[in-house]
Amino acid sequence: MRAIRGLWRWRRNPLRRATDLVEAWLALAALLLTVVAAPVLGSLVGAAAQNTLQESVRQQHHDRSLVTATVVRKLGGPLVEPDPDATSAHDTRSRVLADWTAPDGTHRHGPALTTLQSPHMGDHFGVWTDRHGLITARPLDSATATTHAVLAGFGAALLTTGLVEGGRRMIVWRMVRRRYARWDQAWERAGPDWGKAGTGS
């Protein structure tokens with residue numbers, strides 16, 4: 001908003017200084033960059049992130065498989081916090097010892113996490129594995145990838161706006177400091193004669 005208010009310095013005024021005009025041009029440049037460059041950059045970053053993340057989604061769904069595991073016994077220890085990317089973030093997970101068959105047909109046996117309320121021997125549940133049958137994280141879904149891409153684009157636009165406004169304020173701050181320094185020098189020169197009769201005549 002200060003960038004918009006800086007545009008008033010274009011008004012014709014006998015007291016207008018050259019620095020006032022510079023501030024007005026800075027305000028206009030900052031306004032244009034905020035209105036035009038920030039959204040464009042945000043869109044470009046969002047589109048690039050979307051392409052990269054969707055490619056990652058396709059690759060993960062190609063490399064990972066959902067297989068059925070069978071509970072051998074429940075393992076001790078505290079309950080595991082839910083996966084924040086899971087469809088239902090309220091599901092608490094339990095650690096169990098399980099058997100499952102890998103996508104390549106080999107038999108696997110080891111610890112796994114399940115959302116079963118009270119797992120017992122013989123219960124079945126799904127686990128994501130890689131091509132070799134090792135348990136891995138659930139693949140990223142398309143909707144989550146799109147959300148991350150939108151947030152990346154929005155963040156890039158906000159960062160651009162912040163950098164533009166920060167740069168404008170820094171330049172104006174330096175200009176004001178120089179203006180005050182010149183005023184101090186002028187007062188020092190006028191100081192010894194200030195108030196004397198005939199000063200300035």
Which pairs would a plain distance check flag for residues 43-51, meaning a side-chain donor or acceptor within less than 3.5 Å of a matching protein atom at least two apart in sequence or in another chain?
residue: S43; atom: OG; partner: P39; partner atom: O; Å: 2.9
residue: Q50; atom: NE2; partner: T146; partner atom: OG1; Å: 3.3
residue: N51; atom: ND2; partner: A47; partner atom: O; Å: 3.4

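- For the pair T101/V67, no side-chain contact is recorded, criterion being any heavy-atom separation below 4.5 Å from C-beta on.
- Side-chain contact of H124 with T68: a donor-acceptor pair under 3.5 Å is absent, judged by distance alone.
- V127 places a side-chain heavy atom less than 4.5 Å from the side chain of T129.
- For NE2 of H62, the number of neighbouring non-hydrogen atoms (other residues, nucleotides, ligands) closer than 6.0 Å is 12 at most.
- Distance check, rounded to the nearest 0.5 Å: CE of M170 to CG of L163 gives 11.5 Å.
- Side-chain contact between H120 and V71 is absent, with no heavy atoms from C-beta onward closer than 4.5 Å.
- Contact of the L33 side chain with the R168 side chain is not registered, since no non-hydrogen atoms from C-beta on lie closer than 4.5 Å.
- A 4.5 Å side-chain heavy-atom check between K74 and L97 finds every atom pair outside the cut-off.
- Two residues are said to be in side-chain contact when any heavy atoms from C-beta on lie closer than 4.5 Å; L140 and H61 fail this criterion.
- Ion pairing of R131 with D104 is absent here, as no side-chain N (NZ or NE/NH1/NH2) approaches a carboxylate O to less than 4.0 Å.
- Side chains of E165 and T34: a donor-acceptor N/O pair is absent below 3.5 angstrom, by distance only.
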